[in-house]
Asks: 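The structure is given below, and queries will be raised subsequently.
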Amino acid sequence: MEQRTINYDFDEELLGFEEPEKAPEEPLGTARKLSLAVLGFGILMFALQAMGMPLSGSWTGFLLAFLPVLFGTVFYFYIDFKGTVPGIKHDNIYFRGITSKGALGWLVGVVFTGFYIALYWFPEYLSGGIKIVNPLSVALSGSPANNWFFYGFLYTLAVLIFGVRMFMKYRHNRYQKIRTASVMFFQLGFAFLIPNILMLFNQPEFYLSYFWPLKYDYLFPGTVSYLVNHPGGLGMFLIFWGAVMSFIATPLLTYYFGKRWYCSWVCGCGGLAETMGDPWRQLSDKSKKSWRIERWVVHSILVFIVVTTVLLWINSATSGSVFGESSMSLKKWYGFYIGAIFSGVIGVGFYPIMGTRVWCRFGCPMAAVLGIFQRYLSRFRITTNGGQCMSCGNCSTYCEMGIDVRAYAQKGENIVRASCVGCGVCSAVCPRGVLKLENGGTFKDRFSGSDKPLGALIDSLKHV
Amino acid sequence: MRVVIIGNGVTGVSAALSIRRLQPDWEIIMISGESSFHYSRPALMYIFMGHMSYKDTKPYEDSFWQKNRIDLVRGWVTEIDVAGKKLIMHEKDPIAFDKLLLATGSKSNKFGWPGQDLGGVQGFYNLMDIRLLYENVKGARSAVIVGGGLIGIELAEMLHSRNIHVTFLVRESSYWTNVLPIEESQMINRVILEQGIDLRLSTELKEIVGNDSGRVRGVVTNREEFIEAQVVGLTAGVSPNIALAKASGIQTGRGVLVDWSFRTNIPDVFAAGDCAEIITEGEQRNLIQQVWYTGKSQGKVAGEVMAGKESVYDPGIWYNSAKFFDLEYQTYGTVRNVSVEGESNFYWEHPDGSRSVRIVTRGGAVCGINIMGLRYSHRVCERWVAEKRSLEYVLDNLAEANFDPEFYEKCEEQIIREIKKQAA
């Protein structure tokens, strides 16, 4: 045996693989430097105004801060990807600290988390920024900006800017381009412009792209009675819309297309994960253990929401004589622990640490409902291409929902999982053309070895 | 009953799992000196490029092995005591076996080039090689890769991702043209050049030149040209890793000689995967298969035979796939690099040169399909070849084979039109 072989005792488990040395790179080109300078100028303008520069609160101040941020970043992404051959660009993801839980990743996580803590509990720390976006708020909704408007604006800006990055990164992949355009459209239109414009016309601030149970209070008695009593027909329409979307459109669309119609095409939480979150998607935990935790937690939250909603209705019908204040305190408890801490602080704040879909996977009650339909009553499935899988693991690595896609692909089985949001990235990164997202002709032919969905249901219960 | 498997690659693992299915009580030991757990060899390149961490390349969770009672041993077997039915280990106690499977894989070819043992010169096949590559890229600015096959282009992509200038020497007149027809081969030439790799066709390595400290400083080609390099990748194919078997009196040829049930000449000793050479009666050459898929299916059959089931390997209809930088390739059935008598080739290429489909017929039946830049269904193509479908039938049903993601440009109409034109 060769000496080199017999002497080999590297412990790959303990030591892993660090970044190999790289030959010196060419310095940043002029265009890149320029776009970074423009971005830097925008950030500087924002910071100065937030600290009290006189322009703050005027249109000039707003544009001076955000136009350079928008154009600087978009231009940077454009030239960054334009110089490459279209295809999967994942070089160095595990070597860069920001995308592999290095110091920079943790720093970004702390900044995001800090922002959410300020947003929920100390909005006065955001007053500098809120003032800058005030002109836009007044123009759109007719009322002065608050922390929620500021948040919605930054959120939408992030989806748009990083949506452009997704277009560039996946310019060879039409599924990704169309899907990205869709999340950008719904975030900008349905989750930002329309709710604000509704307020301008003295209508209720209503998010047409969010439904019960994700927007849990949309079917709470308080919201419903507020909308019913709202002058004009719009309130009634919004109740109708919410109920139809929750109880009719959700099962129907999920039957035909899987939960992706919502989670990776419409939803704002998904929208941010699919755009700004893309560089961190590989950080999701793929272990069986995390899958077990996921099923327990997400379904518990769904049960909690359903129970709370029912209790609130009983309480409201009986004028509080049955449960008194307890159902209200359930509502408050949920709003704080789930709405704020889980979906905000952990859901987005921990992007650079736990991946981008922590909320969607472990917390979102809407995803739980959609998942149940997707698992048992949907035509959607990911099919695998015969024996072509060579177990490389790109699919599992880049699954933001932490699904071990490879475990199915290497056995040639279809992937029919409640949590799959249908982002299509597993299929995109597969180097052997193995995975395909499909809406089949029926839901019955999806399960390997069984054409009986009831059998699959019983099987899956055995694993709980 | 104790089964010992040497090698934890896909063949060894596939055999272990098929033994476990049939024999719930047998003791199974899997030995590897390379890694503590099974990892996906084709994913090595992604570790080096930073697409994946090492742990992402492991197809099973670590707890899987214990759950399936497959005992993993990290160490090198230095000798097989065939008569005493035990393995002599390097710095470890011997391991006795009742049945033994050799799944020792391949080793990189070295053809006796002058300077092939200099520092900085290496093949690329396993974790030892990737660690060596980590050492060899230190301070490197340019590299030369010798051998225009699948491993060569992977190594080129890896080094290119570290900003190292790569010169790629290909002996043939076009990349991998000893396997691919010229059109597909030229498509890959274009991809290689587009990436900024210095592709030198019809160029052979004459000599690797070292400096005073025994490290490579460049190569000389058969055109007497000197090319500077601090790393030289020797990727002119692999051959079965048989040193251990050979030294232990197990019959070997190019590989470990086995029958179609993977039995060697020694009772209770088996060999499968890259290291095995299947003895074929008649005029055909003995069969050596060295790709992932064949390793997986050979391992499965070998495991069944070891577990006492009558099982014979059926290579079935050939298929394979690869990715050349960003260009995907799939092949089903038999497609030769040059057309032979009795076969007809029909070829469509997208006007932008990024996609192609080739259909080969023999005696009126479709016998092979090559796909570049598109994805076609394995099951559908395999069925067409197995059922000896006519070209007309295949064209009529071509859309059924498309496996591209949703919303992708559908090229089937173009393909059918072009191929019908050629057939007329």
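Labels below follow one simple rule: chain letters A, B, ... track the order of the sequence lines, proteins then strands, and each chain is numbered from 1. Values in this document were obtained by computation on a predicted structure and should not be read as measured data.
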Asks: Tell me, side chain or backbone of B:Val77 under 4.5 Å from chain A's heavy atoms, or both, or neither?
Replies: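 When you check distances to chain A, only backbone atoms of B:Val77 fall under 4.5 Å.
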Asks: Taking every heavy-atom pair that is under 4.5 Å apart, which of A:Ile93, A:Thr99, A:Thr84 has the most such pairs with chain B?
Replies: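 So the answer, after comparing A:Ile93, A:Thr99, A:Thr84, is A:Ile93.
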Asks: B:Glu91: which residues meet the side chain to side chain donor-acceptor pair (under 3.5 Å) condition with it, sequence neighbours left out?
Replies: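 Checked B:Glu91 against side chain to side chain donor-acceptor pair (under 3.5 Å); zero matches.
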Asks: Less than 4.0 angstrom from a charged side-chain N to a carboxylate O is my criterion; do B:Lys58 and A:Glu12 meet it?
Replies: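 Salt bridge between B:Lys58 and A:Glu12, a charged N being under 4.0 Å from a carboxylate O: no.
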Asks: With a 4.5 angstrom heavy-atom cut-off, could you sort out which part of A:Glu19 is near chain B: side chain, backbone, both or neither?
Replies: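 Both the backbone and the side chain of A:Glu19 come within 4.5 Å of chain B.
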Asks: Indicate yes or no: does B:Asp129 engage A:Arg4 in a salt bridge with an N to O separation below 4.0 Å.
Replies: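 Here B:Asp129 pairs with A:Arg4 in a salt bridge, since their nearest N and O are under 4.0 Å apart.
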Asks: Mark yes or no: B:Arg131 above the aromatic ring of A:Phe10, with NZ or CZ under 6.0 Å from the six-membered ring centre and no more than 45 degrees from the axis.
Replies: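 Yes, cation above the ring, under 6.0 Å and within 45°.
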Asks: Quick one: does B:Lys296's side chain have a donor or acceptor within less than 3.5 Å of a partner on A:Gln410's backbone?
Replies: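 Indeed, once roles are kept as given, a pair shorter than 3.5 Å links the two residues.
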Asks: Can you tell me which portion of B:Arg162 sits under 4.5 Å from chain A's heavy atoms? Options are side chain, backbone, both or neither.
Replies: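 The answer is both parts of B:Arg162.
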Asks: Determine which residues belonging to residues 390-398 of chain A lie within contact range of chain B, meaning some heavy atom pair is under 4.5 Å apart, and list them by number or answer 'none'.
Replies: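 Residues of residues 390-398 of chain A touching chain B at under 4.5 Å: A:Met390, A:Ser391, A:Cys392, A:Gly393, A:Asn394, A:Thr397, A:Tyr398.
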Asks: Where on B:Leu132 is there a heavy atom nearer than 4.5 Å to chain A: the side chain, the backbone, both, or neither?
Replies: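 Contact with chain A involves the side chain of B:Leu132 alone.
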Asks: Between B:Phe403 and chain A, which part of the residue has a heavy atom less than 4.5 Å away: side chain, backbone, both or neither?
Replies: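 Both parts, heavy atoms under 4.5 Å.
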Asks: At a 4.5 Å cut-off on heavy atoms, which part of B:Phe48 comes close to chain A: side chain, backbone, both, or neither?
Replies: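 The answer is both parts of B:Phe48.
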Asks: What class does the angle between the rings of B:Phe407 and A:Tyr175 fall in, given that below 30° is parallel, 30 to 60° is tilted and above 60° is perpendicular?
Replies: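 The rings of B:Phe407 and A:Tyr175 lie parallel, inter-plane angle below 30°.
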Asks: Roughly how far, to the nearest 0.5 Å, is the NZ atom of A:Lys436 from the CG atom of B:Asp404?
Replies: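 It comes to 8.0 Å.
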Asks: A:Arg174 side chain to B:Glu409 main-chain N or O, any donor-acceptor pair under 3.5 Å?
Replies: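 No.
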Asks: Taking the basic N atoms (NZ, or NE/NH1/NH2) and the acidic carboxylate oxygens, is any pair closer than 4.0 Å for B:Asp326 and A:Lys89?
Replies: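 Salt bridge flag = yes for A:Lys89 with B:Asp326.
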Asks: Under a 3.5 Å threshold, yes or no: a donor from one side chain and an acceptor from the other, between A:Gln388 and B:Ser321?
Replies: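 B:Ser321 and A:Gln388 do have a side-chain donor-acceptor pair below 3.5 Å.
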Asks: Can any side-chain N or O of B:Arg141 pair as donor or acceptor with the backbone N or O of A:Pro24 at less than 3.5 Å?
Replies: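 No, the answer is negative, given that no donor and acceptor are paired below the 3.5 Å cut-off.
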Asks: What part of B:Ala140 lies closer than 4.5 angstrom to a heavy atom of chain A: side chain, backbone, both or neither?
Replies: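 Only the backbone of B:Ala140 comes within 4.5 Å of chain A.
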Asks: Is it the side chain or the backbone of B:Arg41 that comes within 4.5 Å of chain A heavy atoms, both, or neither?
Replies: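 Contact with chain A: none, neither part.
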Asks: Counting distance only, does the side-chain N/O of A:Asn385 pair as donor-acceptor with the main-chain N or O of B:Tyr376 below 3.5 Å?
Replies: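 Yes: the side chain of A:Asn385 pairs with the backbone of B:Tyr376.
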Asks: If we count only N and O atoms by modelled type, under 3.5 Å, do the side chains of A:Arg432 and B:Asn320 hold a donor and an acceptor together?
Replies: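 No, no side-chain donor-acceptor pair sits under 3.5 Å.
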